[in-house]
Asks: 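Can you read through this structure? Questions will come right after.
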Amino acid sequence: MAVYSMTGYASVQIDAGESAAPDGLARSESAARLGVEIRSVNSRFLDLSFRLADELRACEPALRELLTRRLRHGKVELRAGVEAASSADVAEPSVRLLQRLSGVQDRVRAWLPDARALSVADVLRLGGSDHPHDVDWQAALLPAAARALDALLQARATEGERLALLLRERTAQLRALAAQAEPLVPQLVAQQRQRFLERWREALALGTGAALPDAAQDRALAEATAFALRIDVAEELGRLRAHLDEIEALLERGGELGKRLDFLIQELHREANTLGSKSAMLELTRISVEMKVLIEQMREQVQNIE
């Protein structure tokens, strides 16, 4: 299955010629077109909103059912309206319309002699306002919305593929940092053990090369061992790798991953924090900081995954 983002946009426009006109009117007589836009952003739940033209509001329940059947998460807004033709595609008024406008103008000027006569622009504008009603746009809205929804899902799948690739790149970088940290711990333990032994020699005022008393040497070794246990990050690194394995398996499987990935990102952050708190050398601190930066980048991307 694909990995889906919750962010996407799609639009569909249908000319009047693509819809059946009633009363036997020619399909080219209407110069209007139906426009449908769907946009979505990330949200934990499915949050739908509609901005519909007055003549399309009756379709909101059917549109809501269409979206809830195929979407699970995201803040989704659907806009739909009937747009007039562009100036480059002017519809010619019919003779019947011109006769009606002429009659209306004569009646108005009979009562208001000073009223301005209709211009060509007025006639085209008034004629264009009639054309959207020549087509049953409500019947055309649901198929158009279904096409827009298909395009939205495709856009979300494309964005989800990009996010999955980014996450895989970050997991590879985290594995490389873990590999850098692993050999540093034995080196640090050996250095600290030698430091303990030197401090015991100084405390007992022994010269360089002189042997420590058995009791003092046992105490120094015990403290070095306790220090080694305190800074040992093998468990943290093991759990970090296990979480990375699980993230890669989820990305491979696809589907609804957002909540599981969010939990795993929190676990990665916890392991990186523990690694930093146990750090007793500058290099481990640097690795911990770089891990946190990568994990924060992953967290931001995961917020957009469904």
Side-chain angles (χ1 to χ4, degrees), residues 1-22 25-91 124-125 127-166 254-256 258 301 303-306:
M1 294 179 65
V3 176
Y4 288 94
S5 169
M6 287 187 284
T7 302
Y9 172 82
S11 65
V12 169
Q13 290 187 336
I14 295 182
D15 292 329
E18 298 182 44
S19 301
L25 293 176
R27 292 188 176 187
S28 59
E29 287 186 5
S30 176
R33 66 176 53 178
L34 173 67
V36 179
E37 292 183 359
I38 307 179
R39 67 185 71 220
S40 66
V41 295
N42 59 310
S43 177
R44 186 176 180 182
F45 305 103
L46 182 60
D47 181 9
L48 302 178
S49 62
F50 299 88
R51 295 179 179 271
L52 305 176
D54 291 341
E55 61 267 32
L56 302 175
R57 287 181 180 172
C59 298
E60 181 174 333
L63 291 172
R64 185 177 296 274
E65 181 182 358
L66 174 68
L67 295 181
T68 54
R69 193 164 58 241
R70 302 185 63 185
L71 299 175
R72 295 291 179 269
H73 303 279
K75 182 177 176 62
V76 182
E77 180 184 75
L78 186 148
R79 296 187 179 207
V82 180
E83 303 171 356
S86 63
S87 57
D89 184 22
V90 178
L124 292 176
R125 177 175 53 81
S129 65
D130 280 354
H131 285 303
H133 302 288
D134 292 342
V135 179
D136 184 4
W137 292 114
Q138 290 189 13
L141 178 57
L142 282 181
R147 284 169 51 187
L149 182 56
D150 289 339
L152 176 71
L153 290 174
Q154 182 59 46
R156 288 172 62 154
T158 301
E159 177 67 10
E161 184 178 350
R162 186 187 69 83
L163 293 177
L165 179 61
L166 289 175
E256 294 185 18
Q301 302 300 332
Q303 299 304 312
N304 290 322
I305 292 180
E306 185 175 18

Asks: Measure the CD-OG1 distance between E306 and T7 for me, rounded to the nearest 0.5 Å.
Replies: 11.0 Å
Asks: Minimum heavy-atom separation for E65 to T68, with atom names?
Replies: O-OG1, 3.1 Å
Asks: Looking at every non-hydrogen atom in both residues, tell me the closest pair between L66 and A146 and how far apart they are.
Replies: CD2-N, 3.8 Å
Asks: Who are the side chain to side chain donor-acceptor pair (under 3.5 Å) partners of D150, not counting sequence neighbours?
Replies: R70
Asks: What are the two closest non-hydrogen atoms of S40 and V76, and how far apart are they?
Replies: CB-CG2, 3.8 Å
Asks: Only counting residues at least two apart or in another chain, list the ones meeting side chain to side chain donor-acceptor pair (under 3.5 Å) with Q303.
Replies: D262
Asks: Could you check if a side-chain atom of M6 sits within less than 4.5 angstrom of a side-chain atom of N304, using non-hydrogen atoms only?
Replies: no
Asks: Using atom types as modelled, flag every donor-acceptor pair under 3.5 Å from a side chain in residues 151-158 to any protein atom, sequence neighbours excluded.
Replies:
unit_1 : atom_1 : unit_2 : atom_2 : d
R156   : NE     : S5     : O      : 2.8
R156   : NH2    : H73    : O      : 3.3
T158   : OG1    : Q154   : O      : 3.0

Asks: Could you walk me through whether E37 and Y9 pass the side-chain contact (heavy atoms from CB on, under 4.5 Å) test, one step at a time?
Replies: CA-CA 8 Å; E37 292 183 359; Y9 172 82; 3.3 Å; yes
Asks: Going by the rule side chain to side chain donor-acceptor pair (under 3.5 Å), which residues pair with E159 if we only count those two or more places apart in sequence or in a different chain?
Replies: R162
Asks: Looking only at heavy atoms, what is the nearest atom pair of A144 and L34, with distance?
Replies: CB-CD2, 4.2 Å
Asks: If only atom types and distance count, is the side chain of Q138 paired as donor or acceptor with the main-chain N or O of C59 below 3.5 Å?
Replies: no
Asks: What residues, two or more places apart in sequence or in another chain, satisfy salt bridge (Lys or Arg N to Asp or Glu O under 4.0 Å) together with R44?
Replies: none
Asks: What pairs with A80 under side-chain contact (heavy atoms from CB on, under 4.5 Å), at least two apart in sequence or on another chain?
Replies: V36, L52, L56, L78, L141
Asks: For L165, check side-chain contact (heavy atoms from CB on, under 4.5 Å) against everything at least two apart and list the hits.
Replies: E169
Asks: Testing the basics here: between R72 and L46, what is the closest heavy-atom pair and its distance to 0.1 Å?
Replies: O-CB, 3.4 Å
Asks: Considering non-hydrogen atoms only, spot the tightest contact between L63 and F50 and give its length.
Replies: CB-CE2, 3.7 Å
Asks: For the residue pair L163 and V3, establish whether any side-chain heavy-atom pair is separated by less than 4.5 Å.
Replies: no
Asks: Checking R79 now: which residues fulfil salt bridge (Lys or Arg N to Asp or Glu O under 4.0 Å) with it, not counting sequence neighbours?
Replies: E77
Asks: Could you tell me whether Q301 atom CD has more than 12 heavy atoms of other residues or ligands within 6.0 Å of it?
Replies: yes
Asks: For R64, enumerate each residue passing the side chain to side chain donor-acceptor pair (under 3.5 Å) test, keeping only those at least two apart in sequence or located in another chain.
Replies: E60
